[in-house]
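In what follows, chains carry the letters A, B, and so on, assigned in the order in which the sequence lines appear, proteins first and then strands, with residues in each chain numbered from 1.
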Protein chains: 2
Amino acid sequence: MNKGDLVEVVASSLNETKAQASRTVDAVLEGIAKGVLSDGKVTITGFGSFEKKKRAARTGVNPHTKEPIQIAASTTVGFKPSQALKNSVQGES
Amino acid sequence: MNKGDLVEVVASSLNETKAQASRTVDAVLEGIAKGVLSDGKVTITGFGSFEKKKRAARTGVNPHTKEPIQIAASTTVGFKPSQALKNSVQGES
DNA sequence: CTTCGACCAGATCACCCTTGTTCATTCTTG
DNA sequence: CAAGAATGAACAAGGGTGATCTGGTCGAAG
């Protein structure tokens, strides 16, 4: 599923055009991104929470050369599904 | 940051009321959830991708009794930030 | 058309995950 | 707006899983 499909679903849900839905989706995602960047955490009841996570540096391996390399600490964005969402995915195949 | 704040941001971005933005956010999130449930994966260019991940069964420990327990395989929803989003969080503190 | 993401290899260790209760926060309804 | 209801976060501890590193290419998506 890609962005276009999501836009269609949103358009259908909100009864608006795809163009409108496209901006809508973009606005929401941008809002979430902004929230994660500024507050470091975005909690949405009934859905889940996005959190800016720091990954500690560690020793990795270059798959090409099999040579051990030092991986610097990095920051990523994690998503923790709420119990409701977890319950939803559990039943699906 | 909670859902209300996100609603405010979206409302501001789309120039609509908070009530409208609330439904908007809900629709988008529900759409994403639906996509993950049906397709198992939702890729959004420039933001990231949600994926339904299966966690294999393993042996855990009951934190209270320290007793080893068998944990059944479960399904969760993972989020992989796109390079752009990663780049964004890298620069933020 | 151009860019963005997926893929895959192998190996390592950081981080997630379990339980269960309590509290705080948030959402909803009157 | 206020109060009640519901959901999530935190904590503890340890083992094992999976995320992730590189990087070039292909396919798809915008």
Side-chain angles (χ1 to χ4, degrees), chain A residues 1-8 11 18-19 21-23 25-26 29-30 35 39-90, chain B residues 1-8 18-19 21-23 25-26 29 35 39-90:
Chain A
M1 185 194 194
N2 49 35
K3 198 175 187 177
D5 292 323
L6 176 61
V7 167
E8 283 188 38
K18 291 182 186 175
S22 182
R23 286 187 306 173
V25 171
D26 194 45
L29 294 178
E30 194 173 349
D39 265 24
K41 193 175 190 179
V42 176
T43 304
I44 302 172
T45 306
F47 185 74
S49 56
F50 293 87
E51 192 172 359
K52 185 167 53 174
K53 293 178 184 173
K54 291 182 174 63
R55 294 191 64 79
R58 72 179 192 86
T59 305
V61 176
N62 190 325
H64 290 285
T65 62
K66 293 185 183 179
E67 194 173 341
I69 56 175
Q70 189 64 17
I71 303 173
S74 62
T75 306
T76 186
V77 177
F79 172 70
K80 185 162 83 88
S82 122
Q83 192 59 33
L85 190 57
K86 259 190 200 167
N87 184 28
S88 298
V89 293
Q90 294 296 348
Chain B
M1 186 194 195
N2 50 34
K3 197 176 187 176
D5 291 323
L6 176 60
V7 167
E8 283 187 39
K18 290 183 186 175
S22 183
R23 287 187 307 176
V25 171
D26 195 45
L29 294 177
D39 265 23
K41 193 174 189 176
V42 176
T43 303
I44 302 171
T45 306
F47 185 74
S49 56
F50 293 87
E51 191 171 0
K52 183 167 54 176
K53 293 178 183 174
K54 290 183 176 58
R55 293 189 66 79
R58 68 179 190 87
T59 306
V61 178
N62 190 325
H64 289 284
T65 63
K66 293 184 182 177
E67 194 173 342
I69 57 176
Q70 189 64 17
I71 304 173
S74 62
T75 306
T76 187
V77 177
F79 172 72
K80 186 162 81 90
S82 123
Q83 192 59 34
L85 190 56
K86 258 191 201 169
N87 183 29
S88 297
V89 294
Q90 295 294 350

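If you measure from atom CD1 of A:I69 to atom P of C:dG10, you get 16 Å, rounded to the nearest angstrom. Rounded to whole angstrom, the span from the NE2 atom of B:H64 across to the C1' atom of D:dG14 amounts to 14 Å. Atom CD of B:E51 is separated from atom C1' of C:dG5 by 12 Å (rounded to the nearest Å). Rounded to whole Å, atom C1' of D:dG30 lies 17 Å from atom CZ of A:R23. Remark: C1' of C:dG10 and CD1 of A:I71 are 12 Å apart, rounded to the nearest angstrom. When the P atom of C:dC16 is taken as reference, atom NZ of A:K86 falls 12 Å away, rounded to whole Å. Atom CD of A:Q70 and atom P of D:dT22 are 12 Å apart (whole Å). Rounded to a whole Å, the CZ atom of A:R55 is 12 Å from the C1' atom of C:dT12.
At a threshold of 4.0 angstrom between heavy atoms, the contacts of B:S49 are confined to the sugar-phosphate backbone, with no base atom among them. In this structure, B:S74 reaches neither bases nor backbone, as no heavy-atom distance under 4.0 Å exists between it and the strands shown. No engagement by B:G78 is indicated, since no non-hydrogen atom pair under 4.0 Å with the nucleic acid exists.
For a distance-only test at 3.5 Å, the side chain of A:R58 fails to qualify as a donor-acceptor partner of the base of D:dC21.
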Chi angles and distances behind the side chain to side chain contact (heavy atoms under 4.5 Å, CB included) call for B:T76, B:R55 | CA-CA 7 Å; B:T76 187; B:R55 293 189 66 79; 4.1 Å; yes

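Applying the 4.0 Å criterion to OP1 and OP2 of D:dG15, one finds that B:K66 has every side-chain N and O outside that range. Considering only side-chain N and O atoms, A:K54 lies nowhere under 4.0 angstrom from the phosphate OP1 or OP2 of C:dC15. Phosphate proximity of C:dT26 to B:N2: present, with a side-chain N or O under 4.0 Å from OP1 or OP2. At D:dT17, none of the side-chain N or O atoms of B:K53 fall inside 4.0 Å of OP1 or OP2 (strictly under the cut-off). At the phosphate of C:dC27, neither OP1 nor OP2 sits under 4.0 Å from any side-chain N or O atom of B:K18. At the phosphate of D:dG15, neither OP1 nor OP2 sits under 4.0 Å from any side-chain N or O atom of B:T59.
Each of B:G60 and A:T43 was assigned the nucleotide of DNA chain D with the nearest heavy atom; the assignment lying further toward the 5' end belongs to A:T43. Closest-nucleotide positions on DNA chain C for B:G4 and B:A84 were compared, and the one nearer the 5' end corresponds to B:A84. Toward the 5' end of DNA chain C, the nearer of the two residues A:A57 and A:K80, judged by each one's closest nucleotide, is A:A57.
Side chain of A:K41, nearest nucleotide from D:dA10, D:dG14, C:dC27: D:dA10. Distance from the side chain of B:P63 is smallest to C:dT19 among C:dT19, C:dA14, D:dA29.
Among A:T59, A:V61, A:N62, the single residue meeting the side-chain contact (heavy atoms from CB on, under 4.5 Å) criterion with A:I69 is A:N62.
Of the possible polar contacts, one joining the A:N2 side chain to the A:D5 backbone as a donor-acceptor pair under 3.5 Å is found.
Residues A:K41 and A:T43 form a side-chain contact, since some pair of their non-hydrogen atoms from C-beta on lies under 4.5 Å apart. Contact annotation: the side chain of A:K52 never approaches that of A:D39 to less than 4.5 Å [non-hydrogen atoms, C-beta and beyond].
Between A:F47 and B:F50, the two ring planes are perpendicular [angle over 60°; tilted spans 30° to 60°].
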